[in-house]
There are 2 protein chains.
Amino acid sequence: MPHQADIRQVLWQLAFQFKVSSKRAIRDYDLPLNGMHVRLLQMIARQPACTAQHIAAVTGRDKGQITRVIKELETMDLVTRTPNPEDRRSQLLALSQTGQGLMARIQEAEDEVTKTLLKGIPKKEVDAFIETGNRMLDNLREES
Amino acid sequence: MPHQADIRQVLWQLAFQFKVSSKRAIRDYDLPLNGMHVRLLQMIARQPACTAQHIAAVTGRDKGQITRVIKELETMDLVTRTPNPEDRRSQLLALSQTGQGLMARIQEAEDEVTKTLLKGIPKKEVDAFIETGNRMLDNLREES
DNA sequence: TTCATTGGTTGATATTGTCAACCAACAGCC
DNA sequence: GGCTGTTGGTTGACAATATCAACCAATGAA
């Protein structure tokens, strides 16, 4: 596969290939989850007092979609919902016992992908990449 | 929105935000197309003797999906299929007259997004970003 | 000539994304 | 206290995208 000169191609391809790799990793670990499940679990694991609203804001996804995925995670007993003392409209999300165990294995799988992704690329270069990427994100978000 | 330190987050977000922006641009230009349509049109425009196989290989998408989108593009009279003299199984894809006209407008829309994306980022940095991105892609593809 | 491979098509189904209506709780305001 | 606009979340309907497998005809190599 030749190298792409076009920033668009690079972006599309990176996201796509990365998704494919992650998906495969998840499946290799025999986890009964799809991509969205994984992403939300990660966010919930990271954020202490996580609400659906927070997830929607950070990911930019539709809140309806968020609601549905969370519901699935709940019926799978991976996350728990407790009423938010600060605001009776919302609920705080957290990983259940099972969820935490699963999360550890997900991390493993994803770390492996990340390791593959970054193989042979000096840390300095990776940092620069992330920095530039963040600036692009700022540009895109500003516009809206 | 705070800057992400995690390469995964950056990748996801970039791809997502970029997609959102492109979609909006397409719609602002009143083009009756969805994302896949646009991507395939671009590929066909770029590749002189383009076949479905070629598109599937480059994008990594399922060939069934490719077939379907092409069929739609054909019924919209945007692309033409002519038998491939080299191989009677396959067909060469090309933009129709209408397709070419549309393509010009798509380019405009997408160029605008790219411009927004890269605003204020020195060319040198963009080049480095692309280069690093390509290396990551090589890493991911090698693995499979 | 066989036979495995390749380019493409089709069907079925899962996943992800989008849009809009809706409800209850909130927050500011008079 | 009552309004009113906003916010967190839910739901329905539907479009777009992805995945998997079976299948066919042409190809190419043995």
Side-chain angles (χ1 to χ4, degrees), chain A residues 12-13 15-24 26-27 31-41 44 47 49-76 79 81-93 144, chain B residues 12-13 15-24 26-27 31-41 44 47 49-76 79 81-93 144:
Chain A
W12 282 119
Q13 290 298 59
F16 182 74
Q17 293 295 342
F18 189 65
K19 188 163 67 176
V20 168
S21 295
S22 292
K23 210 170 274 189
R24 189 164 41 209
I26 299 293
R27 216 182 25 198
L31 307 178
L33 304 170
N34 62 34
M36 264 296 146
H37 291 145
V38 172
R39 293 207 59 207
L40 292 212
L41 283 176
I44 295 172
Q47 256 294 318
C50 188
T51 66
Q53 167 50 30
H54 172 255
I55 295 181
V58 172
T59 62
R61 254 82 185 179
D62 186 76
K63 46 187 191 153
Q65 203 187 349
I66 307 284
T67 300
R68 279 181 262 261
V69 177
I70 290 179
K71 212 180 345 179
E72 282 174 32
L73 290 175
E74 204 188 11
T75 68
M76 286 193 257
V79 314
R81 282 197 276 197
T82 57
N84 183 351
E86 311 265 299
D87 184 338
R88 267 189 302 157
R89 283 170 303 180
S90 77
Q91 298 135 61
L92 297 181
L93 305 171
S144 31
Chain B
W12 283 120
Q13 292 296 58
F16 181 74
Q17 293 295 341
F18 189 64
K19 190 162 65 175
V20 168
S21 293
S22 292
K23 209 170 276 187
R24 188 163 43 209
I26 299 293
R27 215 183 26 199
L31 308 178
L33 304 169
N34 62 35
M36 264 296 146
H37 291 147
V38 172
R39 292 208 60 207
L40 292 212
L41 283 177
I44 294 172
Q47 256 295 315
C50 187
T51 67
Q53 168 49 28
H54 172 255
I55 295 181
V58 172
T59 62
R61 254 82 183 181
D62 186 76
K63 47 186 190 153
Q65 203 188 347
I66 307 284
T67 300
R68 279 181 263 262
V69 177
I70 290 179
K71 209 176 354 174
E72 283 175 33
L73 290 174
E74 204 188 10
T75 67
M76 286 193 257
V79 314
R81 282 197 276 198
T82 58
N84 183 351
E86 312 264 300
D87 184 337
R88 268 189 301 156
R89 284 170 302 181
S90 79
Q91 298 135 60
L92 298 180
L93 306 170
S144 28

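Chain naming here is simple, since letters A, B, ... match the order of the sequence lines and numbering starts at 1 in each.
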Chemist: Between CD1 of B:I66 and OG1 of B:T59, what distance do you get to the nearest 0.5 Å?
Modeler: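 Spacing of CD1 (B:I66) from OG1 (B:T59) equals 4.0 Å.
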
Chemist: Picking from C:dT6, D:dG8, D:dT19, which would you name as closest to the side chain of A:R89?
Modeler: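 Output: D:dG8.
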
Chemist: Could you tell me the separation between the CD atom of B:E86 and the P atom of D:dT27, rounded to a whole number of Å?
Modeler: 11 Å

Chemist: Identify which nucleotide among D:dT27, D:dT19, D:dA13 has an atom closest to any side-chain atom of B:D87, counting heavy atoms from C-beta outward.
Modeler: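 Nearest to the side-chain atoms of B:D87, counting from C-beta on, is D:dT27.
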
Chemist: Whole Å only: how far is the CD atom of B:Q65 from the C1' atom of D:dT19?
Modeler: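 The distance from CD of B:Q65 to C1' of D:dT19 comes to 9 Å, rounded to the nearest Å.
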
Chemist: From the options C:dT9, C:dT16, D:dA26, select the nucleotide whose nearest atom is closest to the side chain of B:K63.
Modeler: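 Minimum distance to the B:K63 side chain belongs to C:dT9.
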
Chemist: Where the side chain of B:K71 is defined as all heavy atoms beyond and including C-beta, which of C:dT16, D:dT17, C:dT10 is the nearest nucleotide?
Modeler: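 Comparing C:dT16, D:dT17, C:dT10 against the side chain of B:K71, the answer is C:dT10.
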
Chemist: May I ask you to evaluate whether B:K23 reaches the phosphate of C:dT18, defined as a side-chain N or O under 4.0 Å from OP1 or OP2?
Modeler: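 B:K23 to C:dT18 OP1/OP2: side-chain N or O found under 4.0 Å.
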
Chemist: Let's see if you can work this out: which of D:dA18, C:dT18, C:dA12 has an atom nearest to the side-chain heavy atoms of B:R68?
Modeler: C:dA12

Chemist: Whole-Å distance between D:dA16 P and B:I70 CD1?
Modeler: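 About 18 Å, once rounded to whole Å.
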
Chemist: Is any side-chain heavy atom of A:I26 less than 4.5 Å from a side-chain heavy atom of A:K23?
Modeler: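 No, side chains not in contact.
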
Chemist: With nearest nucleotide decided by heavy atoms, which residue, A:I66 or A:V20, maps closer to the 5′ end of DNA chain D?
Modeler: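 Comparing both residues, the 5'-ward one is A:I66.
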
Chemist: Working to the nearest 0.5 angstrom, can you tell me the gap between A:E72 CD and A:L40 CG?
Modeler: 10.0 Å

Chemist: Starting at the 5' end of DNA chain C, which residue's closest nucleotide do you reach first, A:R88 or A:K19?
Modeler: A:K19

Chemist: By nearest nucleotide on DNA chain D, pick out whichever of A:S90 and B:H37 is the more 5' one.
Modeler: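 Whichever sits nearer the 5' end wins; that is A:S90.
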
Chemist: Specify the separation, in whole Å, of atom CG of A:D62 and atom C1' of D:dT10.
Modeler: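 That distance rounds to 11 Å.
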
Chemist: Can you identify which nucleotide, out of C:dT15, D:dT10, D:dT19, has its nearest atom closest to the A:R81 side chain?
Modeler: D:dT10

Chemist: Using a 4.0 Å heavy-atom cut-off across all strands, classify A:Q53 as base, sugar-phosphate, or nothing.
Modeler: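 Sugar-phosphate, no base atom in range.
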
Chemist: Can you tell me how far the NZ atom of B:K63 sits from the CD1 atom of B:I70, to the nearest 0.5 Å?
Modeler: 12.5 Å

Chemist: From CD1 of B:I55 over to C1' of D:dA18, roughly how many Å is that when rounded to an integer?
Modeler: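 Interatomic distance, CD1 of B:I55 to C1' of D:dA18: 17 Å.
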
Chemist: Identify which nucleotide among C:dT9, D:dT10, D:dT7 has an atom closest to any side-chain atom of B:Q91, counting heavy atoms from C-beta outward.
Modeler: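 Between C:dT9, D:dT10, D:dT7, the one nearest the side chain of B:Q91 would be C:dT9.
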
Chemist: Counting side-chain heavy atoms from C-beta on, which of C:dT9, D:dT11, D:dA18 comes nearest to B:T67?
Modeler: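 My answer, after comparing the listed nucleotides, is C:dT9.
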
Chemist: Using atom CE of A:M36 as one end and atom P of C:dT15 as the other, report the distance to the nearest whole Å.
Modeler: 13 Å

Chemist: Can you check the A:R27 CZ to C:dT15 P distance for me, whole Å?
Modeler: 12 Å

Chemist: To the nearest angstrom, how far is A:R24 atom CZ from D:dC20 atom P?
Modeler: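 Between P of D:dC20 and CZ of A:R24: 11 Å.
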
